[in-house]
There are 2 protein chains.
Amino acid sequence: MRTYKLLPDGRRQINSFHLPGDIFGLENGATHRFTAEAIAETKVRIMRRQNLLDAMANRGGAKKFLDLITRSLKHAESHMLLLGRNTAVEKVAAFVCEMDERLEHPNVITLLMTRRDIADYLGLTLETVSRTFAILRDKKMLQVDGPTNKQIVLLDRRGLAELAA
Amino acid sequence: MRTYKLLPDGRRQINSFHLPGDIFGLENGATHRFTAEAIAETKVRIMRRQNLLDAMANRGGAKKFLDLITRSLKHAESHMLLLGRNTAVEKVAAFVCEMDERLEHPNVITLLMTRRDIADYLGLTLETVSRTFAILRDKKMLQVDGPTNKQIVLLDRRGLAELAA
DNA sequence: CGCTGTTTTGATTTAATTCAAGCATAGTGG
DNA sequence: CCACTATGCTTGAATTAAATCAAAACAGCG
């Protein structure tokens, strides 16, 4: 799934992509803070706020809950650094490294999102994302494969991680 | 105070500025996620993690705590949108509007941070921040005053808010 | 098959950065 | 009280990274 915010004129910032097992969408106030969309066949389990507060009432629940939100905050904080201070190459390298880690280092990363989604996640245009994949491909750091170029094979995880900085 | 993250080569992203009364720095794991620095005479009250977990155990505490972290997350999420998708003018307008709101619409906003701090908060260079203040000044949307140009007077709150989008 | 949406690639433009002065302010010490 | 220095802000000129504009190729689909 993708969660994102929109500007009135249609510019979009994707906060994060959610993989199976992820928890997201913690809200408190009366209004939703962002939109969530499935980009593949998805099963979602909903949790009521009341149950959340109940779960927090016992020590084990509080700890788990603290872990969850710390993870969200941590991701947001490092993503701010990326959006504000990284170059296009660094952003794309960071993106593939993030996916690689979250999928636990598969041989092939199958991207379910489009180039535009990736661009809107990284604060770039889809053309720049495409060109940057080409740059990393030409540097032999990754392969771009499959009929729709959505299969990514990491050839140089160390080099990519260095770029991601 | 300012809280920020650094890249190895010195590039800096300021997560947020903290005003009197703000709570910040919620951490969970063994390592700190960012650096905090005072940019003015500051008194800081520390809270132990244990006390936090205790406070969460009762319903009132849990609610307050949920409010706190929701506020942090919300700020981070909207800041991601700003960093990834706003222009320089929109960023600076959003910055002065944020300060105006948080200081509860004073006649004069006295900035305690430098132009570089603002730049590192908005994902710009200090020169661009300076130029952008000049643009908004020339548009009669704000005044830049004081011996060191750190006093900002908002002349057109509505217009600035529209720019901030 | 034609239609639609996606990706790539090329040419051009532009917003913001970088490089470079020049000033103003505040602090320091003689 | 006055150089002297350090720091921060502004402004101008040149550069550049990424955006925009444009076109072609391709896959998937009804």
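Basis for what follows: all heavy atoms, side chains included, without hydrogens, waters or symmetry-related copies. Note on naming: letters A, B, ... go to the chains in the order of the sequence lines (proteins, then strands), and numbering restarts at 1 for each one.
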Compile the donor-acceptor pairs under 3.5 Å between side chains in residues 95-106 of chain A and protein atoms, sequence neighbours left out, one pair per line.
from, atom 1, to, atom 2, distance (Å)
A/Glu98, OE1, A/Tyr121, OH, 2.6
A/Glu98, OE2, A/His75, NE2, 3.4
A/Glu98, OE2, A/Arg102, NH1, 2.9
A/Glu98, OE2, A/Tyr121, OH, 3.2
A/Asp100, OD1, A/Arg157, NE, 3.4
A/Asp100, OD1, A/Arg157, NH2, 3.0
A/Asp100, OD2, A/His105, ND1, 2.7
A/Asp100, OD2, A/Arg157, NE, 2.8
A/Arg102, NH1, A/Phe17, O, 3.2
A/Arg102, NH2, A/Phe17, O, 2.7
A/Arg102, NH2, A/Asp22, OD2, 2.8

Quiz item: Are B/Arg11 and A/Glu90 close enough, and set up right, to give a salt bridge (charged side-chain N to carboxylate O under 4.0 Å, His left out), and what steps lead you there?
Solution: CA-CA 13 Å; B/Arg11 280 175 288 174; A/Glu90 290 168 344; 2.8 Å; yes
Practice problem: Determine, for nucleotides 15-30 of chain D in 5'-to-3' order, which nucleotides have protein heavy atoms under 4.0 Å from the base (write B), from only the sugar-phosphate (write S), or from neither (write -). | Solution: ---SSBB-----S---
Exercise. Output all residues satisfying salt bridge (charged side-chain N to carboxylate O under 4.0 Å, His left out) with A/Arg2, sequence neighbours left out; order by chain, then residue number.
Key: A/Glu37, A/Asp117
Exercise. State whether B/Asn149 places a side-chain N or O below 4.0 Å from either non-bridging phosphate oxygen (OP1 or OP2) of C/dA24.
Key: no
Exercise. Using a cut-off of strictly less than 4.0 Å, decide whether B/Arg116 has a side-chain nitrogen or oxygen near OP1 or OP2 of D/dT10.
Key: no
Quiz prompt | Gap between atoms CG and C1', on A/Leu136 and C/dT8 respectively (whole Å) | solution = 15 Å
Quiz item: When clusters are formed from ILVMFWY side-chain contacts under 4.5 Å, directly or step by step, what else is grouped with B/Phe34?
Solution: none
Quiz item: Nearest heavy-atom pair of A/Gly84 and B/Gln13: which atoms, and what distance?
Solution: CA-OE1, 3.4 Å
Quiz item: Among D/dT10, C/dT9, C/dT6, which is the nearest nucleotide to the side chain of B/Val144?
Solution: D/dT10
Quiz item: When the distance from CD of A/Gln151 to P of C/dT7 is rounded to whole Å, what number comes out?
Solution: 13 Å
Quiz item: A/Arg137 has an atom CZ; how far is it from atom C1' of C/dT7, in whole Å?
Solution: 11 Å
Quiz item: Does a nitrogen or oxygen in the side chain of B/Lys150 sit under 4.0 Å from OP1 or OP2 of D/dG8?
Solution: no
Quiz item: Bend angle of the helix from C/dC1-D/dG30 to C/dG30-D/dC1 from five-pair axes at both ends, rounded to 10°?
Solution: 40°
Listing, residues 131-144 of chain B side-chain donor-acceptor contacts under 3.5 Å, not counting sequence neighbours, or none:
from, atom 1, to, atom 2, distance (Å)
B/Thr132, OG1, B/Thr128, O, 2.6
B/Gln143, NE2, B/Asp145, OD2, 2.8

Quiz item: To the nearest Å, how far apart are A/Asp145 CG and C/dT8 P?
Solution: 11 Å
Self-check item: Single hit among A/Val108, A/Thr110, A/Leu111 for side chain to side chain contact (heavy atoms under 4.5 Å, CB included) with A/Ile152
Solution: A/Leu111
Quiz item: How close or far is atom C1' of C/dT9 from atom CZ of A/Phe133, stated in whole angstroms?
Solution: 16 Å
Self-check item: Euclidean distance, atom CD1 of residue B/Ile135 to atom P of D/dG12 [Å, nearest integer]
Solution: 12 Å
